[in-house]
Amino acid sequence: MTSLSADDSYLDHYGFSHDPFAARVPGFKFFPAQRKPVLGQLHHLARYSQLLLVVTGPEGSGKTLVRQALVASSNKQAVMSVVITPQSTADSSAVLQQIGQALNIQHADFDGVMAQIVQLALTGQEVYLLVDDAEQLTGAAVETLLRLAAGSPEARPHVFLFGEDSLVSRLEALVEGEERFHVIALQPYEEDETREYLAQRLEGAGAGLETLSEEQIARIHEQSGGWPGAINLVAREELIEAIKHSKTRKATKGWPFPLPMRHLLAVLAVLCIIAVAFLLRGGEDEPEVQTNTPLALGNVPRSAPESAAGPVTPPESPSKIEFETPAAAANTDSARTAAVEPAEDVSEENSASITHQDGAAPSAAVTQKEAPAPVAQPAPEPVVPETPAPKTPEVVRPAAQPAPAAPAASAHSAWYAEQGGNRYLVQILGTRTEKNAQALVAQRGSDYRYFVKEHEGKPLYVVTFGNFANRAAALAAIKTLPAALQSGKPWARSFTSVQKEMRK
């Protein structure tokens, strides 16, 4: 996959208000349940432990988010938080300089920093030193932070390092087996947490989780390993790849044939030649069929051997007798008289011997003196009972069409529009067939509804459950759903996002 920038076409294609998977989105906070124990453990160790605390994880694992949550959840009146973010490799003096500026110290050396920390402790204030990207610190800077964490009998700052796993080996080399630090390793998101993370990111940009298919969500979780930074990259690549595929399908839709143009032209030429040959062959065979007309029967003598040797094929229509036969062209009046009224000297034996080759009834000129047995079996009679037979079930078909589908959808749509935008519901599934959505709603009860939105140019019928005051209540309701519905990975979303989709 090729990474592209979030240009206007990318945002316009999905209707995003901003890039949902940018590295930094103002106001976005996602703190899954598994990270809350980590935050509680940091607060507990800061109060009761004398150790330097280390939070580790790969790049993009959410270490900065944990650091932000730690600062936000601290008591602002009792704690002064000093955040250090090295822009590049930071040595000991650079670290002390940043601490001195935060604590308003003129001489930013180790002793000056410790003296100010003691003064703050006398006033009832503790100092939190939090270092992001701590793997960029030099060995001397790490050793200085270890000394600050040890403190003095009067006071000590609480030092938190947030860095990659390589930081731990450097600390172990410095402490030489002493217990001077404690490590907390962050864990990747589970698939449910990845799904919730994606949903919250997309909702913040004015979309919903249905922007991604189930296959895309599973692929994002697998390729990212569940780390939020990698989730952003892979999810964004998936959306961009989907745009490329949609453009490719549109470009190839008008010419789906895999053969080159010259090969197709050759095939068309061969087909034209075959068609012309069939037409010419049909024109040559036509006179052979029409010469065997009974028009010549009036001119055939009774002693002709042909009349006794073999039958003569009667015509299919009288029009061909009048102008197709050579005998008729020579003597039109006599031919017409012979076709309708045979000569008086034609005996019953000769007329009986002139029959159709395949056993069908003879022409009108011959059958006037023939026995009524073959005439009693007319050809069109079997067609009469066959004609209405296939039409009988066709009258019933319109009754099976689902007429109430449209009113049900519009009634549900009105209900969604009336709800408060800050309330939440649970999205169960989306289907392309409205009958499936109607069947599920009818089966599950009044708490289930569905609305119609447009997805990839086609209608998508989205089934939802419930109406909840907040997101927490909606998430709790997911656990009460039947197992068959929970297997589809339902998720909580706001009514605001639903109403936006319905307006689109």
Side-chain angles (χ1 to χ4, degrees), residues 1 3 6 10 14 16 18-25 27-39 55-69 162 164-165 184-243 424-430 455 462 464-465 470-472 474-479 481 483 485-494 497-498 501:
M1 285 187 265
S3 179
Y10 165 68
Y14 293 102
F16 294 148
H18 60 269
D19 185 1
F21 299 111
R24 294 285 186 271
V25 176
F28 176 77
K29 294 289 186 297
F30 180 77
F31 209 72
Q34 64 159 276
R35 298 293 168 87
K36 293 180 181 178
V38 174
L39 185 61
V55 178
T56 63
E59 182 180 1
S61 58
K63 300 183 295 294
T64 299
L65 184 61
V66 175
R67 190 264 300 164
Q68 292 173 345
F162 299 85
E164 298 181 7
D165 296 337
I184 300 175
L186 297 180
Q187 300 299 317
Y189 293 166
E190 299 291 338
E191 186 171 353
D192 290 345
E193 293 172 326
T194 298
R195 180 184 296 272
E196 188 177 355
Y197 177 85
L198 291 170
Q200 193 165 330
R201 280 269 185 173
L202 290 168
E203 286 180 5
L209 187 61
E210 63 276 3
T211 306
L212 298 166
S213 65
E214 290 297 324
E215 294 77 8
Q216 286 176 313
I217 294 173
R219 192 160 51 241
I220 290 169
H221 178 73
E222 181 180 358
Q223 294 181 6
S224 66
W227 298 111
I231 291 174
N232 291 338
L233 295 176
V234 178
R236 197 163 174 278
E237 295 292 341
E238 284 286 344
L239 293 178
I240 293 172
E241 284 296 319
I243 296 177
Y424 280 79
L425 50 75
V426 176
Q427 179 165 318
I428 303 297
L429 55 84
H455 181 61
V462 182
T464 67
F465 167 72
N470 50 53
R471 185 183 183 86
L475 293 174
I478 293 176
K479 299 178 181 179
L481 292 174
L485 298 182
Q486 291 192 31
S487 62
K489 305 298 182 183
W491 56 285
R493 60 181 303 188
S494 64
S497 63
V498 172
E501 291 180 352

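Since we're looking at a predicted model, the values are computed, not measured. Here, residue 1 is the first one in the sequence, and each next residue gets the next number.
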Measure across Pro490 and Leu485 and return the closest heavy-atom pair with its distance rounded to 0.1 Å.
CD-O, 3.3 Å
Please name all residues satisfying side chain to side chain contact (heavy atoms under 4.5 Å, CB included) with Leu65, sequence neighbours left out, ordered by chain then number.
Lys29, Phe31, Gln68
Smallest heavy-atom separation, Gln216 atom then Leu212 atom, equals OE1-CA, 3.3 Å
Donor-acceptor pair, side chain of Lys63 and main chain of Gly57, under 3.5 angstrom
yes
Please name all residues satisfying salt bridge (Lys or Arg N to Asp or Glu O under 4.0 Å) with Glu190, sequence neighbours left out, ordered by chain then number.
none
Scan for ring pair (Phe, Tyr, Trp, His ring centres under 6.0 Å) pairs involving residues 184-220, sequence neighbours excluded, and state none if there are none.
Phe28-Tyr197, Phe30-Tyr189, Phe30-Tyr197, Tyr189-Tyr197
If the condition is salt bridge (Lys or Arg N to Asp or Glu O under 4.0 Å), which residues does Arg201 pass it with, not counting sequence neighbours?
none
Nearest heavy-atom pair of Pro20 and Ala205: which atoms, and what distance?
CB-CB, 3.7 Å
Return the CH2 to CG distance between Trp491 and Asp192, rounded to the nearest 0.5 Å.
13.5 Å
Using the side chain to side chain donor-acceptor pair (under 3.5 Å) criterion, which residues pair with Thr464? Sequence neighbours excluded.
Tyr416
Sequence neighbours excluded, the answer for salt bridge (Lys or Arg N to Asp or Glu O under 4.0 Å) partners of Arg35 is none
Quick one: side chain to side chain contact (heavy atoms under 4.5 Å, CB included) partners of Thr56, sequence neighbours excluded?
Val54, Asp165, Val168, Val183, Ala185
Residues in ring pair (Phe, Tyr, Trp, His ring centres under 6.0 Å) contact with Tyr14, at least two apart in sequence or another chain
Phe16
CG on Asn232 to CH2 on Trp227, rounded to 0.5 Å:
14.0 Å
Any residue meeting salt bridge (Lys or Arg N to Asp or Glu O under 4.0 Å) with Glu193, in chain and number order, not counting sequence neighbours
none
For the CG atom of Leu198 and the CD atom of Glu203, what is their distance to the nearest 0.5 Å?
11.0 Å
With rounding to the nearest 0.5 Å, note down the distance linking CG in Leu481 to CD1 in Ile428.
5.0 Å
What I'd like to find out is whether the side chain of Thr64 reaches to under 4.5 Å of the side chain of Phe162, using heavy atoms alone.
no
All side chain to side chain donor-acceptor pair (under 3.5 Å) counterparts of Ser497, not counting sequence neighbours:
Arg493
For Gln486, is the CD atom crowded, meaning more than 12 foreign heavy atoms sit under 6.0 Å from it?
yes
For residues 213-231, the salt bridge (charged side-chain N to carboxylate O under 4.0 Å, His left out) pairs (sequence neighbours left out) are Arg195-Glu214, Arg219-Glu238
Taken to the nearest 0.5 Å, the spacing of Thr194 OG1 from Ile217 CD1 works out to 10.0 Å
Under the rule for side chain to side chain contact (heavy atoms under 4.5 Å, CB included), what residues qualify as partners of Ala22, not counting sequence neighbours?
Asp19, Val25
With a 3.5 Å distance limit and no angle check, can you tell me whether Glu196 reaches the backbone of Ala492 through a side-chain donor-acceptor pair?
no
Which heavy atom of Pro58 sits nearest to which heavy atom of Ser61, and what is that distance?
O-OG, 2.7 Å
